[in-house]
Every structure is written in structure tokens, then in C-alpha cells.
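In what follows, chains are A, B, ... by sequence order, proteins preceding strands, each numbered from 1. When reading the values below, keep in mind they use all heavy atoms of this one structure, side chains included, and skip hydrogens, waters and symmetry mates.
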Amino acid sequence: MEITAIITALCLVLGSLLGITGGIGVYRLPDFFTRLHACGITDSACAFLILSGLMFQTGTSLETVKLLFILIFLLITSPTSTHALAKAALNSGETPLMEQQQTQQKREER
Amino acid sequence: MDSIPMNVSGHFNYWVAIFLMMTGFYVVISRGNLIKKLIGLNLFSTSVFILYISLGKIHGATAPIASETFHLYSNPLPHVLILTAIVVGVATTAVGLALTARIYEQYGTIEEDEIRIKDESL
Amino acid sequence: MELFIDITLLTFLCITALAITVIRKLFCAVMLAGIFSLLSACLFVSMDAVDVAFTEAAVGTGIATVLMLAALNLSHSREKCPPYQPLLALLVVCTTGAVLVYGTMDLPAFGDATAPIHHHVAPRYIEQSQQEIGPPNFVTSILASYRGYDTLAETVVIFTAGLSVVALLGIRDRRGGQSITTDRSAMKGYLVLRVVTKLLLPFIFLFALYVQFHGDYGPGGGFQAGVIFASGVIIHSLTLGRDRTLKAFPQRFLTILATAGVLLYGGTGLAAMVRGGNFLDYSVLGATALAGQHLGIFLVELGVGVTVFASMTLMYYAFSYRKEA
Amino acid sequence: MIHLPHLAHLAIWQVLFPLLAAPLCLLLRSGRLAWLIATLASWASLAVSVLLLRTINCNGPLTYNLGGWPAPWGITYHVDALSAFVLLIVSAMAALVMPYAAKSVSREIDVENHRLFYALLLICQAGLLGIVVTGDAFNMYVFLELSSLSSYALIALGKRRRALTAAFQYLVMGTIGATFILIGIGLLYSLTGTLNIQDLAVRIALIPTSAVGHRTLITAFAFLTVGFSLKLALFPLHLWLPNAYTYAPSVVTTFLAATATKVAVYMLLRFSFSILGSRFVFEQLTLGKIMLLPSLAAIIIASLVAIFQYDIKRMLAYSSIAQIGYMTLGISLNSHTGLMAGILHMFNHALMKGALFMVMGAVSYRVGSVYLNDFRGLGRRMPWTMAAFVIGGLSLMGVPLTAGFISKWFLIEAALETGWWSITAVILLGSLLAVIYIWRVVETAYFNPLQEIEDDEHTEAPASLLIPLWILIGANIYFGIDTSVPVDMASWAASALLEGTMR
């Protein structure tokens, strides 16, 4: 009992920390793609940790299965949506910061 | 009993709901953009739903689905009423949006004042 | 703890609402409206209204946002600065708010179990609905049976909305002569998206069916199921192309479905009258009152689900086909 | 009288005929068949409402438990004198409008939308009937939204693009009104824990005036009144009405003008008399004084504005606002005669405005638009139509031997009872202004011949437009001479309301 509670607490705290990190990232990072990266952390790691933390609490019941389904669903959909967002941004002419810097460097070298 | 029941924590929920309602109401009547107005209407009605659901809540109760471990349930009737009201709300929004789309086709704008100018110039 | 969650959610709600008033980009405003309704859905969960939360999440966050984006796609996405100072509006709003606050002074405190609202009509629903109707979910019992007539009207409301949107925007079936492969609305370049959609769609539809038929025991029911089913079709149309969706779910078919749903609901009520009961009195439908109620609720929930699905999909069609027509 | 297993089921059939005929319209392939279904459904509904009226006349109020659940737990239909009277108005207007619609709609609506149009019209009718027949406050809200939603779409189907903006404006104001009503119902519910109208009345009567809950009651009432006033277009809140009536298709204008505002008045009456009780509403909340000023302002200002309109449909729309002022004036006088005059005017106004808007439909069917100039020479070209306009106009002014006279007569009587001469003066002034704006049209039609006479294009309107129109005109004259039926009904309804829940 004790151990599951501790694991749950750890998972939840870690997950929440990652969530906050993601939030700060979206706010602070300079361009669209880096922000998307921050979102990705919230979507995957944070959700994963929180849901698994909750699963430790529910034990073996129908709730656990439901949580597992949610987790699987999230693990499939959130990378897909991140991917689609990135691709849509590229298609609409947004260039990543790195590429911008590289073109700038090239220009300076010339 | 006539002294104001200054139980702030007891009425806090209602007051925030009222604040939200009034924000929505303000958006509806102060903005000229048709889609913004519809967003405002949505905000307004969603906040009314919050008020209704707040009325049905009982401290320490659980969701109104019978179970063996709980015996105190929140009042299910407001939930039913609001389920109906949500449907009505989305139906109104949909019709409003369809009107907006048609208005944009006909007038080329969805700003109220520009529409008025175009109507008067005829 | 509950209070803490409540306060946090309410604060977020206020911030979102204020942001909506200030922001000029309509796209952002629509997204914020979606966030607003998602937050309110969370609040509904914390106030025990799970069915309402489910509906709000499916409708307010899902369908309403999709429809708004579709309408934005058909018009401008930026709001003009209002040319005047809306002082009068502010005055009206403040007065109304003040009157309302005055009115709530006499309301029983939030969560007070002794409030009159909990002692007059509601106790019967909680204490006797399981003997009288059956489902452990009281909300389903009230929705489908005690206040089943409201739900019939609600079904007709959503049916009316579908009709109205179709009447206003019209759906033109452009499939004549055009092959599916040339459909430009399909997201050709997004292979991952298309594959994942195809992978998930069966599960989305399965989940919709689960929600439809599990509504007696947990949150859910015809309305939520219909919305989920419709969102599955919307995803299908977004990624695989409208024409393909139109082939799978033709407009005529959806119109008939929407009609059939309303008629199924009304027909259940009429059947009760034929068997000697009042309109929508399901008790007379089966061998025992409980069996009758069970059958009746099953049928009307099905009617609701079918109508909601068909009407929502029709509305989406109307918006998404308008641009090219 | 097709389905009449028991008289007990009458109340529900009233709504079911149009409600279930609407989806049937969609299943059919042709607009013609949809029209047939719609007409039959509206006639069936009229038959039911006549039977209902007779049943209530003999047996007193009728209660019907939907789903078999008794009153406070389930939804109950409750039909008393007032609701039976309003039901008759709504279903009779629908039954007259449907045959009229066949020609008018084929001219004004695109063919592909015909089925949708009839379905929406039926749903609108069902919604209005549902509001009147129900005994449950929340059910009333749902049906209110049902009728409003369909009327937004119906208005937007008008040919001109301003129909769209008019419908949008109506949608926004209507939804605000409905949300206010929702708030009001919620507050009443929070005080009592019930939604059934009779149960609400009983339990609200138990709240003593000085105790906790009183402030909530006042607020609830304020929100309900504002909401209903928006819906019935009481004077400062009328802004949606002129555009909506002007740009809607003729059939829709006729139907809505004759019924929708009446039903809103009905809701106001139901909530202020049957739920809150007349003594509470009038003596403590002084509803009478609050309503009096907007009513008088509506009569004068809206009539004045009507005089300056060149679009005759718009002129009649403003006239409607003025006439609504007469109804609320009758209510605000807070006497049996006043209330009776208000209820009677609901009936008479439906007759005359229905007829006048039908004339507009017939004119726009032949001429294409209804500006004042279009009326030149119509007196000779469309003699029957214009004769109907004259009689309808006389009724609107309140000339003796027309229905309009009777309600004005009782209204003046009620005003004299209170001893306020100024109110009488305003009523007479309103009639005088009506004379002016009706005369403008009559003058143009009869004494302002068309310069260049075109071919015989502008001939008399077809019979399917004229027959419903002349039935209404006939009713205008008949009920102006033989006043017993509507007056008895209105008087009975007024006494029932006043006695209903005295506190």
C-alpha cells in the first residue's frame, strides 16, 4: 500500500512538473517549432506519468483498463497532431529557427 | 434573517458564474462582429449552465449514479435540464453561424456597422 | 481539496472569458471559447454533473468549435476595432449583474444539503427511480422517462437546427462526373494523419456505440454518442476527403436518418398510446412496467443518437461544402 | 377527427400533429406533397383545438400527464380557458396560412427548399402550441426555443439579403431573451425545487414577503419580465421586429405576426398571474406601473414611425408594435376589464394583422414588392385584395362593426374605470394615427391612378390566396357584430387568471 502511494505521488509530481515545464516552454521559447516541442512534452511525458500514477491507485479494476485505453489513445493521437501541426506550419511557410540561422550564416560567409 | 448572509464562501460560486455571464453578455451587446457575438452568446449560456449546476451541488455528495458505496447524491434534475439546454445552445449557435456565412457571402463583411452602411447605400 | 479545484477552475474561466473580450483575432477567440467550455466541463465534473460535463466536452469543445472554425473559413478571421466606446453596454451589463447578485443573496449557500431544491421533487428520482424505471444512472431515468418529453423536444430542436442550416447553406452534391482521386480536400500530403485516422476510426465508432448503450449505467447516452459518431465522420471527411465521406454517408441517407430518429422517438410515444398508456408512458410497452421502461428508454435513446448524429453531420457538410460550391 | 381514442389525449395531439408531420415532410420527394401533409396536419390541429375548447367549456381545465408520471415529477400538460383560447388562435391561423402558402411559397422560396420550409413552419407551429399547452416551466422554455429556432431560419429564407441580417438580429435578441427566461426559471426552481407551474404557484405562495427568498423571487420575476418583453417586442425592446417582419417571406410574416407575439404575451400572463399571483405582481412589484409607460410609448411612437414608412410591410410591422402596446396596456391596468380587453385584443389583432399581411403577400405575389408606389391603381386592378385591405385597416383603426372596435371599446372602458383620462386619450390618439397610416395606402391604391397602364399583368390574386384572406376578413366583420363568443372566452380566461392563485 505504502509503496504504491509513494510511486503515485512521484509520478504525479513529476508529471505536473513536466506539465509546468511545457507551459513555460510554450510561453518562453522563441518560435513555432520550439514551442511545439514544449507542447510535445506536456502531451506525452506529462500525460503518461499522470495517467500511470493514477493507474497505480486504481489497482486492478475496470477503471485501470479505461485509464490504459486513454493512455494508448493519447500516445497515438498527440504525436500525430504534433506532426500534423508541424507539417502544416512548414507548408504555410514557417521556417524553423535553426534553418533561419543557417541561411543567415551562409549569407555572412559570403 | 434580513441581515445579508455574508457567507462569501457559500455564494462565491454563484457570483463567479454571474461575472462570467455578464462577460458573455457584454461581448454580445458591445461587439459588432457577428462571430464574436455568437461566441459571446455561447459564453453567456455556458455560464448560466454553471449557475444551474452549482444549484444542484451538495457538499460531500457524489455523481447521481447509484452505487453501493455512496448514499448521498447531488441533485440530478438540474443536470437533466442543462443537458437539454446545451443542445438548444449548440443548435442556436449552428443556425447563427450559417446565417453569418450567408451574410458574408452577400455583404462581404461580418461587421455590423459595415453591413449597415452597405444596406443604406442601396 | 474540492474547494481548491473549484477556485482554480473558476479563476481560469474568468481569465479565459476576459481574454475573449479583449482578443481581436477571431481564430484565437474561437479557440478560447473551446477552452472555456472544456474548463466548464471540468467544473461540471467537480460539481458531480458527469453527464453534463460529457455533453459539454463533446458539444461545446468539439462540435461547436468545429462549426465555428468552418464558419470562419467561410468569412473573415479578424475583428475590427469597435468604432465607439461601449459605455452603454457596460452600464446595462453592470445593472444586470447587480440585479442578479442581489437575487442570489437569498439563495441557499453553495452545496447546502438543506436547500429546498433538494427536498421537493429530486428525492423521488433518487430514491425510487431504480424501482420505477431501472437504470442506476438517475440522469438517464429522468432524461428519458420522467422528463422524456423535454428530450423529445430537444431532439426536434437539433433536427430543426440541421434543417435550418441545410436550408440556409444548401448541400450540393458535386460527385457527378468527378472521380474521388481528384478531390482536393483530401489531405494528400499528410500520410501519417491519414494512416492514424484510418486506424482510429473504428475505435471512435465503437466508443460511440459503447456510450450509446452504456448510458444506463454510467455517464453517456444517445446525445453524447451521436456527437462522437458525428465527430468520427468529420475526421474522416477532413483527412480522407469530403467526396469519399459523402459517398459513405450520402446526404439523402443522413436526412432519412435524422427523420427516422425523431419518428422513432415519437413512434415510441405513440406505441405507448396505442397500448393504452399516456404519450411516452413506456411502462405499458413490456410485460412488466420495468421491462417496458427498459425497452422504451432503449428506443428513445437510439432515436436521439441517430438524429443527433445525422443532424450534426449534415450541418458539417453544409458548412464544409459551401466554399467550393 | 381521425384519431380520437379518448378525449384525455386531446392535449397531446394538439402538438403531436404538427410535430410529427414535420419530419414526414422531409421524407417526401416533392414539395407539393409536403404542402399537403402540412395542410392536413394544421387542419387536424385546428380540429383538436376546437374540441379541446369545447371539452374545457364543459368539464373545466384538463390535465394530461406525459409519460404517465404525476405532476411535480413528470411533465404535465395543463389546458385552461386562457390556453385553450390561445391554442385556438395559433392553430386557426396555421390552418389558414397553410392553404395560402401553396401559391405564395412557390413564388417566394426556391423549389429545393420547399420541403424544408414546410417542415420548419410546422415545427414553428408545434413549438408555439407546445408553449401554450404545457404546464411545466422548463418545458415551456424548450418549446420556446424550438419555435424561435425555426422562425430564425424561416425569416432568413426571405428573398432579399437583408432577411439574413434581420434573422441574425432576431437570433441574438431572441437568444438573450431566452437566456434571461432560463435564468428566471432557474431562480424560481432554486427557491421551490419544482418546475410544475401549479406546484410553483403553491410553493411560492408559501414564501412570506419579508423572509429569505423574497429577493430571489423579485430578481427571478425581473428576468422573466425582461425576457418575455424581448420576445413580445415591448416598446424599447422591439428592435428586432420591424426588420424581421419586413424581410421574411409573406407566409412567415403572416404566421408570426398573428401568433408569435401573442404566445409571448401568453407566457407573460401565465408567469405573472398563474405562478406569482396577481396581487404579488401588481401590488408589491407594481408591474402595472412598470408596464404602463412602455405600452403607452409603444402606441404613440410606433404608430408615428409607421406613418413615415414607405415599405408597407414595415409600416404594418410598426403597427404591430403599437398593437402589442394595447395588449400590455390592458394587462397593466390590473382589472378584470383591462385583462379581458388585452386577451381579446390578442385574438382580434391576430385576425386583422393576419388579414393585412395576407394582403401584402397577395400584392407581392402579383406586383413583386410592397412599396407605397406599388399600390398605385391597385384598387382597380386587384379589387378583392384591396377591399380586404380596407376592411382590415378599418378593423385596425377600431371602427364599429369590426372586431378591432370591440377590444378598443373594452380597453377604453377599463381605462375609464381607473379614472385616468390621459390613457383614454392615448388609446384614441393611437387609433387616429392608425387612420393616417392606413389612409396613405388606401389613397394611393384608389385615388392615385397609375400613369402608364401596363398589360393585364397585375390582375387579381389567385383564389388560393384570396379565400383564406377573405375568411379572415369575414371573421373580422363577424366578430365585430356577434361579439359574444370571443368576449365570453376572454372574460372567462381573465376571471380564471385573476382567481387562479390569489395570495
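Only the side chain of C:Gln130 comes within contact range of chain B, with heavy atoms under 4.5 Å apart. Contact of B:Tyr14 with chain C is made through the side chain alone, with heavy-atom distances under 4.5 Å. Using a 4.5 Å cut-off between heavy atoms, B:Ala17 makes no contact with chain C at all. Interface residue C:Leu43: only side-chain heavy atoms are found under 4.5 Å from chain B. Of the two parts of C:Ser46, only the backbone, made up of N, CA, C and O, holds a non-hydrogen atom closer than 4.5 Å to a non-hydrogen atom of chain B. For a residue to count as touching a neighbouring chain, one of its non-hydrogen atoms must lie under 4.5 Å from one of that chain's; by this rule C:Tyr217 touches chain B with the backbone only. Using a 4.5 Å cut-off between heavy atoms, B:Phe19 touches chain C through its side chain atoms alone. In this structure, chain C has a heavy atom under 4.5 Å from the backbone of B:Thr62, while its side chain stays farther away. Residue contact with chain B, scored on non-hydrogen atoms closer than 4.5 Å, involves the backbone and the side chain of C:Thr96 alike. Both the backbone and the side chain of C:Leu100 have a heavy atom closer than 4.5 Å to some heavy atom of chain B. Heavy-atom distances place the side chain of B:Leu20, and not its backbone, under 4.5 Å from chain C. Residue B:Val87 touches chain C through both its backbone and its side chain, counting heavy-atom pairs closer than 4.5 Å.
Smallest separation of non-hydrogen atoms from B:Val80 and C:Leu143: CG1-CD1, 3.6 Å. Scanning both residues, C:Val165 and B:Ala94, for their nearest heavy atoms gives CG2-O, 3.8 Å. Residue B:Pro64 comes nearest to C:Asn137 through the heavy atom pair O-OD1, 3.6 Å, listed as atom of the first residue, atom of the second, then distance. In this structure, B:Val95 and C:Ser164 approach most closely via the heavy-atom pair CG2-CB, 3.8 Å. Residues B:Val16 and C:Cys14 come closest through the heavy atom pair CG1-SG, 3.7 Å. B:Ala101 and C:Leu169 make their closest contact through CB-CD2, 4.0 Å (heavy atoms, listed as atom of the first residue, atom of the second, distance).
Side-chain contact between B:Ile82 and C:Glu56 is absent, with no heavy-atom pair separated by less than 4.5 Å. Inter-residue side-chain proximity for B:Thr92 and C:Val157 is flagged as unmet; no heavy-atom pair is nearer than 4.5 Å. B:Asn42 has its side chain out of reach of C:Ser37: every pair of non-hydrogen atoms, C-beta onward, lies at least 4.5 Å apart. In this structure the side chain of C:Leu74 never reaches within 4.5 angstrom of the side chain of B:Tyr104, judged on heavy atoms. Contact of the C:Val227 side chain with the B:Val90 side chain is not registered, since no non-hydrogen atoms from C-beta on lie closer than 4.5 Å.
Here the side chain of C:His118 pairs no donor or acceptor atom with the backbone of B:Ser74 at under 3.5 angstrom. With B:Asn75 contributing its side chain and C:Ile117 its backbone, the two residues share a donor-acceptor pair below 3.5 Å. Although no hydrogens or angles enter the test, the distance criterion places no donor-acceptor pair under 3.5 Å between the side chain of B:His79 and the main chain of C:Phe138. B:Arg102 places a side-chain N or O within 3.5 Å of a backbone atom of C:Leu168 that can act as its donor or acceptor partner.
Note: C:Met47 CE to B:Ile58 CD1 = 13.5 Å, rounded to the nearest 0.5 Å.
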Could you go through B:Leu77 and C:Tyr146, starting from their C-alpha distance and side-chain angles, then the distance that decides it, and tell me whether this counts as side chain to side chain contact (heavy atoms under 4.5 Å, CB included)? CA-CA 10 Å; B:Leu77 187 53; C:Tyr146 288 114; over 6 Å; no
CA sep, side-chain torsions, deciding dist, call: C:Gln224, B:Leu83, side chain to side chain contact (heavy atoms under 4.5 Å, CB included): CA-CA 10 Å; C:Gln224 293 93 332; B:Leu83 271 178; 4.3 Å; yes
Tell me, with the steps shown, if B:Leu81 and C:Arg147 meet side chain to side chain contact (heavy atoms under 4.5 Å, CB included). CA-CA 9 Å; B:Leu81 305 182; C:Arg147 296 187 70 88; 3.8 Å; yes
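In terms of heavy-atom pairs under 4.5 Å with chain B, the best-connected choice from C:Leu67, C:Val50, C:Thr55, C:Leu10 is C:Leu10. Among C:Thr155, C:Leu90, C:Ile7, the residue with the largest count of heavy-atom pairs under 4.5 Å with chain B is C:Leu90. Contacts with chain B were tallied for C:Ala167, C:Pro108, C:Ala115; C:Pro108 has the most, counting heavy-atom pairs under 4.5 Å.
Among residue pairs with one or both ends in residues 54-77 of chain B, those qualifying as salt bridge (Lys or Arg N to Asp or Glu O under 4.0 Å) are B:Lys57-C:Glu2, B:Lys57-C:Asp48; sequence neighbours excluded.
C:Val30 meets the side-chain contact (heavy atoms from CB on, under 4.5 Å) test with B:Ile39, C:Thr65, C:Met68, C:Leu69, C:Leu72; sequence neighbours excluded.
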